[in-house]
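Heads up: numbering here begins at 1 and tracks the sequence. Atoms considered below: every heavy atom in the structure, side chains included; atoms not considered: hydrogens, waters and symmetry mates.
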Amino acid sequence: MALSVDPLWPRAGDWPAPDGRVDAAILGLPAFRTSLSPTGAHATPAAVREALRRFSPTLLGPPPVDLNEALRIADAGDVADPDGPEGEARVRERVRGLRAASGLVIAVGGDNSVTYATAQGAGVSGLITLDAHFDLRDGVSNGSPVRRLVEDGLDPRRIVQIGIADFANSVAYAERAADLGITVITLDEVRRRGAEDVMIQALSIAGTAGDVHLDIDVDVCDRSVAPGCPASVPGGLEAWELRALVRAAAGDRRIVSADIVEVDATADAADGRTVRLAALCVLELLAGRALA
């Protein structure tokens, strides 16, 4: 369906390719081959770009702010075939190049496996995950990026996992997180404390030694707002809670890279609510950066 045209109501998205220094760069990472659940997540970067055009880039303030005017935003396209060792090498190289020329790299997945190479390409020393799951599984999959990062040298004491949920994990992986010294803030604790308080703590831990990567796994949300996430369950975060956490994180300039993952655009509800939430996460990252 064609969208209406109003010169007084600009749309988000349709950002140009990088040309010199930018405030934020969007990068599509259509990974899906190692997912533990069947997924069409490779279709999601394109779907998110389309969904962005349904939104305005305007923060109401006051005063109102147009993100397209407040920030220099670029779309760096997709990394082809980001799965596997060769694909991960391409992701690292591309993110490394974008990081050198931008304040914030926003990777749009794709499944959660992209967190591994994206964080490494950004050269971070800390990690914050918004996720119902620990992602500490053995092997190589969308369930293993945090374990792989630790094994490759990321200090687990600089990892904070927010939104970890009951009935979505195992005792073995909970004990693994505790033994490694990872800070875990459960879903119930997020609800009790609120986004701002939780993120202040997370950044104080993950950002102690320098730059931080933010992993936004949309399946941390309630299944009613994220039906297009294979692993989302009833009782997760509401959409507004995820958005508040993302904006709070991006308001700190130690966040230099982020990924938005685990959305299967081919399995979304008819109204596209999961893809639209992922697109809003892109905008919340930009909003946090504009207001920083």
Side-chain angles (χ1 to χ4, degrees), residues 3 5-30 44-61 63-79 82 91 93-110 114-115 118-119 121-124 128 130 211-216 218 242-261 263 265 272 275-292:
L3 299 175
V5 176
D6 181 345
L8 298 181
W9 203 101
R11 297 187 178 278
D14 290 337
W15 294 303
D19 181 15
R21 184 76 186 176
V22 298
D23 296 298
I26 316 299
L27 179 66
L29 300 179
T44 302
V48 168
R49 288 184 174 98
E50 182 178 353
L52 279 165
R53 300 198 67 253
R54 293 184 173 274
F55 298 107
S56 160
T58 302
L59 302 176
L60 290 180
V65 175
D66 186 332
L67 292 175
N68 287 340
E69 296 179 358
L71 298 173
R72 189 173 186 194
I73 308 166
D75 188 333
D78 290 357
V79 173
V91 172
E93 181 180 5
R94 193 68 178 281
V95 171
R96 190 177 298 116
L98 290 172
R99 176 69 194 97
S102 66
L104 177 65
V105 178
I106 302 173
V108 180
V114 305
T115 301
T118 303
V124 298
I128 298 173
L130 306 179
D211 294 337
V212 178
H213 178 78
L214 177 67
D215 166 35
I216 305 166
V218 182
L242 178 63
R243 292 176 61 185
L245 285 163
V246 171
R247 187 181 295 196
D252 191 303
R253 292 191 179 273
R254 286 174 291 184
I255 298 289
V256 297
S257 58
D259 63 64
I260 302 166
V261 295
V263 174
V275 169
R276 293 193 194 193
L277 177 56
L280 282 167
C281 285
V282 173
L283 294 175
E284 293 293 358
L285 287 166
L286 295 173
R289 190 47 44 100
L291 297 173

**Message:** Go through it in stages, so that I can follow the logic: the residues are V22 and I73, the test is side-chain contact (heavy atoms from CB on, under 4.5 Å), and I'd like the CA-CA distance, side-chain angles, deciding distance and then a yes or no.
**Reply:** CA-CA 6 Å; V22 298; I73 308 166; over 6 Å; no
**Message:** Measuring from atom CG of L291 to atom CG of L71, what distance do you get when rounded to the nearest 0.5 angstrom?
**Reply:** 9.0 Å
**Request:** Start with the C-alpha distance between D78 and R49, add both sets of side-chain angles, then the distance that settles salt bridge (Lys or Arg N to Asp or Glu O under 4.0 Å), and finish with yes or no.
**Result:** CA-CA 11 Å; D78 290 357; R49 288 184 174 98; 2.8 Å; yes
**Message:** With a 4.5 Å cut-off on side-chain heavy atoms, are C281 and L242 touching?
**Reply:** yes
**Request:** Starting from the C-alpha separation in whole Å, work towards a yes-or-no answer on side-chain contact (heavy atoms from CB on, under 4.5 Å) for V282 and V48.
**Result:** CA-CA 9 Å; V282 173; V48 168; 4.3 Å; yes
**Request:** Check R253, R254, R99 against D211 for a salt bridge (Lys or Arg N to Asp or Glu O under 4.0 Å) and give me the one that passes.
**Result:** R99
**Complete:** In terms of heavy-atom contacts, N68 and P57 come closest through ND2-CG, 3.5 Å
**Prompt:** Nearest heavy-atom pair of A278 and V263: which atoms, and what distance?
**Reply:** CB-CG2, 4.2 Å
**Item:** Interatomic distance, D215 atom CG to D259 atom CG [nearest 0.5 angstrom]
**Value:** 4.5 Å
**Message:** What verdict does the side-chain contact (heavy atoms from CB on, under 4.5 Å) test give for L285 and L214, after you've listed the backbone C-alpha separation in whole Å, the side-chain angles of each residue and the deciding distance to 0.1 Å?
**Reply:** CA-CA 10 Å; L285 287 166; L214 177 67; 4.0 Å; yes
**Inter-residue atom distance L67.CG - S56.OG, 0.5 Å rounding** = 8.0 Å
**Asked** What is the minimum heavy-atom distance between A70 and D23, and which atoms define it?
**Response** O-OD2, 4.5 Å
**Asked** Who pairs with D14 by side-chain hydrogen bond (donor to acceptor under 3.5 Å, both in side chains), at least two apart in sequence or on another chain?
**Response** R53
**Message:** Once rounded to the nearest 0.5 Å, what's the spacing between atom CZ of R72 and atom CH2 of W15?
**Reply:** 14.5 Å
**Asked** Which atoms form the tightest heavy-atom contact between P30 and V79, and what is the distance?
**Response** CD-O, 3.5 Å
**Item:** Spatial distance of atom CD1 (I106) from atom CD1 (I26) [nearest 0.5 Å]
**Value:** 4.0 Å
**Heavy-atom closest contact (S257 atom, L104 atom, distance)** = N-CD1, 3.7 Å
**Request:** May I ask you to test the V256-V212 pair for a side-chain heavy-atom distance under 4.5 Å?
**Result:** no
**Partner residues of R21 under the salt bridge (charged side-chain N to carboxylate O under 4.0 Å, His left out) criterion, sequence neighbours left out** = none
**Item:** Distance in Å, F55 CZ paired with L283 CG, rounded so as to fall on 0.5 Å steps
**Value:** 7.0 Å
**Item:** Where at least one partner belongs to residues 276-292, residue pairs that pass side chain to side chain donor-acceptor pair (under 3.5 Å), sequence neighbours excluded
**Value:** R243-E284, R247-E284
**Prompt:** Which atom pair, heavy atoms only, marks the closest approach of P64 to T58?
**Reply:** CB-CG2, 4.4 Å
**From CA spacing to verdict: side-chain contact (heavy atoms from CB on, under 4.5 Å), L277, V218** = CA-CA 8 Å; L277 177 56; V218 182; 3.9 Å; yes
**Asked** So do the side chains of V108 and L29 get within less than 4.5 Å of each other, counting heavy atoms only?
**Response** no
**Message:** If you define the side chain from C-beta out and look only at heavy atoms, does anything of L3 sit under 4.5 Å from R54?
**Reply:** yes
**Prompt:** Any salt bridge between D6 and R11, counting N to O under 4.0 Å?
**Reply:** no
